[in-house]
Protein chains: 2
Amino acid sequence: MTNKTQMLTVQQAARLSHVSIRTLHYYHQVGLLLPTAQTKSGYRMYDKNAMKRLQHILLFRKLKFSLKEIRQMLDDPFFNEQEALEKQIALLEMEKQHTQQLIDLANALRKGDKIMNFDAFDESEMEQFKQEARKKWGRTAAWQACEKKNPADMQNAGKDMMQLFADLGTLLHLSPAHPAVQQQVQQLQQYITAHFYPCTNEILSGLGQMYAQDERFRQNIDAHGGPGTAAFAAKAIEIFTKE
Amino acid sequence: MTNKTQMLTVQQAARLSHVSIRTLHYYHQVGLLLPTAQTKSGYRMYDKNAMKRLQHILLFRKLKFSLKEIRQMLDDPFFNEQEALEKQIALLEMEKQHTQQLIDLANALRKGDKIMNFDAFDESEMEQFKQEARKKWGRTAAWQACEKKNPADMQNAGKDMMQLFADLGTLLHLSPAHPAVQQQVQQLQQYITAHFYPCTNEILSGLGQMYAQDERFRQNIDAHGGPGTAAFAAKAIEIFTKE
DNA sequence: GTTGACCCTGACGCTGCGTTATCCATTATC
DNA sequence: GATAATGGATAACGCAGCGTCAGGGTCAAC
């Protein structure tokens with residue numbers, strides 16, 4: 001699947017991305033960017049996906065999010081790349097404008113204006129926007145509950161979850177009450193229980209409603225299972241938990 | 001001299017400049033921004049000059065200079081505000097442009113371009129420019145030689161030095177060889193010896209040539225002593241050291 | 001004279017790496 | 001196939017630039 005010729009060593013990855021090797025080591029250490037693979041002798045290897053993740057990381061970093069925040073956002077299985085990019089662009093635009101204000105201030109100072117104006121240094125506006133972004137992108141409650149696990153598990157778990165929804169997406173032509181569908185729901189429940197927390201029927205029911213109502217859940221689920229998967233999942237869960 | 005009504009407490013200064021009180025404490029601690037005065041009970045008070053210095057600090061900080069670098073630049077008696085502002089503006093423009101590149105990248109990513117391009121994250125260009133700036137603004141050799149002294153002494157010493165040149169500026173109508181002028185030169189030599197390092201005639205001679213040749217010295221000296229002071233000082237020093 | 005807002009000085013903690021130091025792996029060269 | 005050069009790994013320490021208590025003075029108001 002992964003083309004060996006496309007795998008990069010640390011040094012190559014570092015040069016390409018203009019970060020230090022140490023930084024890659026560190027990002028590995030804190031679970032922010034795991035190498036795609038490691039050779040028998042422990043050498044880190046990075047593929048295109050890893051580099052893409054690194055791009056995202058660097059974008060967030062430029063916007064002054066902490067590494068922990070970045071990890072939480074990127075590892076959230078309901079992370080929505082499109083939306084993230086849009087918000088990032090908005091923030092970058094603010095940043096640019098902000099820099100312009102500083103230029104204006106410097107120009108004023110150069111001309112001798114002795115203005116005691118520090119508004120150009122005020123970053124609360126951006127901070128507020130970032131706060132909203134944090135809320136929007138912040139790890140879901142379910143996800144937050146399991147901070148203990150190691151990073152590799154987390155990142156895999158995210159993919160696994162989405163795989164379950166993808167599988168569900170192949171059953172859209174059936175009734176939500178169909179046994180095959182109901183079995184998928186049960187698998188979801190078991191997966192959550194196994195990896196995060198005991199997922200009672202009650203909790204599962206709550207999740208189902210979230211999937212149907214919250215836009216960000218819906219988008220991400222539909223992205224993996226096809227349009228309508230989220231709504232379908234909600235119905236199926238409702239039936240499952242009512243029994 | 002300083003109007004009491006214009007003095008700000010830490011909290012007021014912090015609010016005005018949008019930095020934390022802790023930051024002001026810290027800047028005091030490392031000698032980056034000394035309060036204009038302290039009340040008998042130790043309360044820090046900041047006047048307009050201090051706030052202006054803070055503006056400069058924040059500008060430099062935005063450009064990612066370290067606090068130590070900032071202090072060295074601002075405390076250098078040959079610091080040239082005009083030139084600094086120009087360079088800062090240039091750097092800010094670069095920064096803005098840089099942000100724009102990231103916006104472009106994000107837009108490309110949003111449209112699905114799977115470009116493996118990290119050039120937008122490359123800051124070496126800016127770094128290089130900053131290096132030049134460092135050289136230009138970096139503490140002069142003389143100044144660097146005396147890292148030991150405490151910050152208050154440093155900042156005062158800068159002003160005192162310039163006062164000597166200002167005094168010299170009042171003697172421009174005389175011959176450089178005039179006793180009054182020569183005495184000023186001797187005072188300069190003594191001041192340097194007392195505050196920095198033993199200033200032999202040879203060293204003094206070297207300084208004189210620097211004053212005459214280096215544009216940044218010339219500008220700063222002339223700014224305090226009036227046009228022609230630097231050249232005048234150079235001549236006077238030459239005469240002084242030849243005896 | 002006491003309350004509340006404000007100030008101080010430590011001192012410890014944290015993030016995001018830079019910087020050795022020391023040792024294994026791989027490759028190129030002889 | 002020996003050896004040097006190059007590249008990789010881990011471990012450990014260090015540092016800047018503050019945030020964040022903890023413990024304790026000050027000062028105006030009431």
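Chain A is the first sequence line, chain B the second, and so forth, proteins listed ahead of strands; every chain is numbered from 1.
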Q: Respond yes when some side-chain nitrogen or oxygen of A:Thr23 is under 4.0 Å from OP1 or OP2 of C:dG18, and no when none is.
A: yes
(Q) Without decimals, in angstroms, what is the distance between B:Ile57 CD1 and D:dC18 P? (A) 11 Å
Q. When the distance from NZ of B:Lys40 to C1' of C:dC8 is rounded to whole Å, what number comes out?
A. 17 Å
(Q) Quick check on D:dT10: is either OP1 or OP2 less than 4.0 Å from any side-chain nitrogen or oxygen of A:Arg44? (A) yes
Q. Any side-chain heavy atom of B:Met162 sitting closer than 4.5 Å to one from B:Asn220?
A. yes
Q: Take A:Glu81 and A:His56, measure what side-chain hydrogen bond (donor to acceptor under 3.5 Å, both in side chains) needs, and give me the verdict at the end.
A: CA-CA 9 Å; A:Glu81 185 176 350; A:His56 275 292; 3.3 Å; yes
**Q.** Whole-Å gap separating C1' (D:dA11) and CD (A:Gln29)
**A.** 10 Å
(Q) Is B:Ser41 close enough to D:dC27 that one of its side-chain N or O atoms is under 4.0 Å from OP1 or OP2 there? (A) yes
(Q) Testing the 3.5 Å rule here: is there a donor-acceptor pair between the side chains of B:Asp104 and B:Gln100? (A) yes
Q) B:Tyr43 side chain: which of C:dC7, D:dG17, D:dG8 is closest? A) C:dC7
Q. Starting at the 5' end of DNA chain D and moving along, which residue's nearest nucleotide shows up first, A:Thr9 or B:Ile21?
A. A:Thr9
**Q.** Side-chain N,O (B:Tyr27) to OP1/OP2 (D:dC18) below 4.0 Å
**A.** yes
Q) What integer distance in Å separates B:His25:NE2 from C:dG10:C1'? A) 12 Å
Q: Measure from CG on B:Leu24 to P on D:dT20 and round the result to the nearest Å.
A: 16 Å
(Q) Taking 4.0 Å as the cut-off, does a side-chain nitrogen or oxygen of A:Arg22 come that near to OP1 or OP2 on D:dG8? (A) no
(Q) Checking contacts here: which listed nucleotide (C:dT9, C:dC17, C:dT26) is nearest the side-chain heavy atoms of B:Gln38? (A) C:dT9
Q) For the pair made of CD in A:Gln11 and P in C:dT26, what is the distance, rounded to whole Å? A) 16 Å
Q. Starting at NZ of A:Lys68 and ending at C1' of C:dT15, how long is that distance when rounded to a whole Å?
A. 9 Å
Q. Between D:dC18, C:dG16, D:dA9, which nucleotide has the shortest distance from any of its atoms to the side chain of A:Tyr26?
A. C:dG16
Q.
Would B:Lys62 pass as a cation-pi partner of A:Phe121, given that its NZ or CZ must be under 6.0 Å from the six-membered ring centre and within 45 degrees of the axis?
A. no
(Q) Nearest 0.5 angstrom please: A:Gln219 CD to A:Asn80 CG, how far? (A) 4.5 Å
(Q) Can you measure B:Lys64 atom NZ to C:dC17 atom P for me and round it to whole angstrom units? (A) 10 Å
Q: Using only side-chain N and O atoms of B:Ser20, determine if any of them is under 4.0 Å from OP1 or OP2 of D:dG19.
A: yes
